[in-house]
Amino acid sequence: MAGQSRKWMVLVAVIWIQAFTGTNFDFSAYSSEMKKVLGISQVQLNYLAVASDMGKVFGWSSGLALMYFPLWMVLFMAAFMGLFGYGIQWLVICNVISLPYILVFFLCLLAGCSICWFNTVCFVLCIKNFPANRALALSLTVSYNGVSAALYALAGDAISASSSSLYLLLNSLVPLIVSIAALVPILRQPSVDPLSPEAVRSDSIMFLLLNVLAVLTGVYLLLFGSNTSDTSTSRLLLGGAIFLLVFPLCVPGVVYARRWFHHTVHSSFQLRGSGFILVDDDDLELHKRLVSRETSYNNLNGSSLSNDEVCEYRSSSQKLCNKEEDGARCCEKMMEKDQLVMLGEEHPAHVLVGRLDFWLYYIAYFCGGTIGLVYSNNLGQIAQSLGHSSNTTLLLTLYSSFSFFGRLLSAAPDYVRAKFYFARTGWLTIALLPTPVAFFLLAALSNSTEALRVGTALIGLSSGFIFAAAVSVTSELFGPNSVGVNHNILITNIPIGSLIYGVLAAVIYDGNVGRGLKLMFSDSVVCMGRDCYFLTFVWWGCLSVVGLVCSLLLFIRTKHAYDAFERNRALVEPQRNWSSNSIA
């Protein structure tokens, strides 16, 4: 039982780390001041945001470091990279030192790399301590990364609401302090013993409790994160937020009462195994064996399966079965070309990049979640150009809080799986819907404060869902054993998109300086008026429609594989439950 308690303390430590290391999300809070101090153009400012996102390209280096150094040491390497990267930027923005633009660029790159190192440490801790429910652990902890900006906004108001440079100081110091606080649980990790099916289900219920607490934390930050009237009130509210982050430490005590909770509540949800990933490892192996068995049986007996069932399990790169309608045949061939045979089939990198489904997925992410991230990087300039500079903190909190809710919602489909089953790629398509709606709303009504707030909330909700669900989708479509490499290939779209979308916005911004009110700060120029971002919103909206269409095509092409997997699991589950009861 002591080991069970310690593993939950490790999870709480990971929550703390994730909650305070999403430091790239508050870039918009100090970007205007950085632009003013450095005397740079909007395009050059965008390159600094790109540098922070480019840190993800070097995320592999953290895995290499773990091969030679203990986990706690890698954690502190990440903390000191952030301390150095953000700390020197703070000295620059406070005019303590002066650095050329290229060195500031590399400092942003170093700070962005530190975030990836923190994420790697958190992933390893979740996987090591929750092997049976690792997906639930990853889902919960990754969600807290989206609330970082709201926490830093509240902390900034509590210390000095008028200082935008304070964010850089907090970004440099707080992750180091949290790393020190998380050191004891990490050093005292318990040995991991195999869990019984009942224990796995009990842990799933515990994760449900933690998700409910996470929702309460998000609601608290949304309601009180930026609506503060004075410093003393802000400090009180910051204390409440810290309490909500510390409160999960009570989980070890709840562990002792989990059997009672399991018997009273568990029957209402009918959770089986891990609730987040539809493709559990055990279920996946059974699914593969069933598919292989049915395919082999059909090859021997010819007519044992219907044509529709054969098409569901065979690669569509082969000739399709005879169709009655010639007109539909051509369309079906095009849609089913190079289709996935089954979920969870391993795809090495060279096979992955040759898959049409991967590129549909890549474009959907590129034109969905990545645009949302670039929007958050430009929030400071967007608010400033529309005359809402005083609302920048509020907009930052809105984006952060709704991104947090989106990440939490990515796990909701699996909690209702027993009552309503839907392919995860279908949920991904639904999650992309708010993005084009938000951008076209901003283009049409950008002068409206309410439209700006609603659009920001919708974009945060959509991008948060995509960021959290992406690891699971990659694992399900292209294999759980290859997910590390394959997901890193997928997220190369983030720095690429940050560069392309950011440059597009910056060029339009600088091109409209002469049309609206023109303000001069040192050598930099500030554009004021609706035209500064109007075309950007239209372009981003159109591109997000492209992402939505690609996501819909991906759903149509993969739906048969998800349906086949769910049917096989429904056949196997009664046998597994019978075997478990027999052993008991």
Side-chain angles (χ1 to χ4, degrees), residues 14 18 119-120 122-124 126-127 130-146 200 203-204 207-208 211 214 271-285 287 340 342-347 352 355 357-358 360-362 364-365 368-369 403-417 420-432 461-491 493-494 551 554-555 557-559 561-563 565-566 569:
V14 173
Q18 288 282 25
N119 288 338
T120 299
C122 293
F123 292 163
V124 170
C126 289
I127 292 171
F130 296 91
N133 279 307
R134 62 181 178 275
L136 279 175
L138 289 171
S139 168
L140 176 68
T141 54
V142 167
S143 298
Y144 275 91
N145 195 247
V200 173
D203 281 0
S204 298
F207 278 109
L208 179 62
N211 273 278
L271 290 177
R272 295 181 178 90
S274 175
F276 184 65
I277 296 241
L278 291 175
V279 183
D280 293 333
D281 289 346
D282 292 340
D283 290 337
L284 179 58
E285 291 304 320
H287 172 60
L340 291 172
M342 68 179 80
L343 291 186
E345 187 176 6
E346 297 298 333
H347 288 68
L352 180 79
R355 277 282 188 183
D357 291 318
F358 170 74
L360 289 173
Y361 181 32
Y362 192 94
Y365 196 118
S403 175
F404 180 57
F405 291 139
R407 292 166 188 251
L408 290 175
L409 282 174
S410 66
D414 301 273
Y415 283 111
V416 299
R417 185 186 68 203
F420 179 70
Y421 174 78
F422 196 49
R424 191 177 297 280
T425 48
W427 290 112
L428 189 70
T429 303
I430 295 173
L432 281 168
L461 186 71
S462 177
S463 59
F465 188 104
I466 295 166
F467 293 149
V471 177
S472 297
V473 175
T474 305
S475 173
E476 291 167 8
L477 296 183
F478 308 114
N481 296 330
S482 307
V483 68
V485 174
N486 292 346
H487 189 67
N488 279 324
I489 294 174
L490 172 70
I491 62 175
N493 79 84
I494 294 178
S551 179
L554 178 67
F555 165 61
R557 286 174 54 84
T558 57
K559 181 178 182 297
Y562 276 97
D563 291 344
F565 173 80
E566 185 66 13
R569 180 163 54 188

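In this chain, numbering begins with 1 at the start of the sequence shown.
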Heavy-atom closest pair, residues G146 and R407: CA-NE, 3.6 Å
Can you name the side-chain contact (heavy atoms from CB on, under 4.5 Å) partners of L461, sequence neighbours left out? F402, F405, L409
Tell me every residue that passes side-chain contact (heavy atoms from CB on, under 4.5 Å) with L428, counting only those two or more places apart in sequence or in another chain. Y361, I466, S551
Residues in side-chain hydrogen bond (donor to acceptor under 3.5 Å, both in side chains) contact with S143, at least two apart in sequence or another chain: none
The ring-ring contact (aromatic ring centres under 6.0 Å, His included) partners of F465 (sequence neighbours excluded) come to none
What residues, two or more places apart in sequence or in another chain, satisfy side-chain hydrogen bond (donor to acceptor under 3.5 Å, both in side chains) together with Y144? none
Hey, what do you get for CG (N486) to CG (L352), rounding to the nearest 0.5 Å? 4.5 Å
Contacts of T425 meeting side-chain contact (heavy atoms from CB on, under 4.5 Å) (sequence neighbours excluded), chain-then-number -> A423, V473, L477, L554, F555, T558, Y562
Heavy-atom nearest pair, G369 first then S463, reads O-CB, 3.9 Å
Donor-acceptor contact below 3.5 Å, side chain N145 vs main chain V142: no
Minimum heavy-atom distance between F478 and D357, given as atom pair plus value: CZ-C, 4.2 Å
Indicate the atoms forming the closest heavy-atom contact of R424 with S410, along with that distance. NH1-O, 3.6 Å
Determine the minimum heavy-atom distance between L140 and F207, stating which atoms define it. CD2-CD2, 4.2 Å
Taking only residues two or more places apart in sequence or in another chain, which ones pass side-chain hydrogen bond (donor to acceptor under 3.5 Å, both in side chains) with T141? none
Please assess F123 against V14 for the test side chain to side chain contact (heavy atoms under 4.5 Å, CB included), listing each intermediate value before the final yes or no. CA-CA 9 Å; F123 292 163; V14 173; over 6 Å; no
Who pairs with Y362 by ring-ring contact (aromatic ring centres under 6.0 Å, His included), at least two apart in sequence or on another chain? F358, W359
Can you name the side-chain hydrogen bond (donor to acceptor under 3.5 Å, both in side chains) partners of N119, sequence neighbours left out? none
Look at the side chain of S462 and the backbone N and O of A431, then say whether any donor-acceptor pair between them is shorter than 3.5 Å. yes
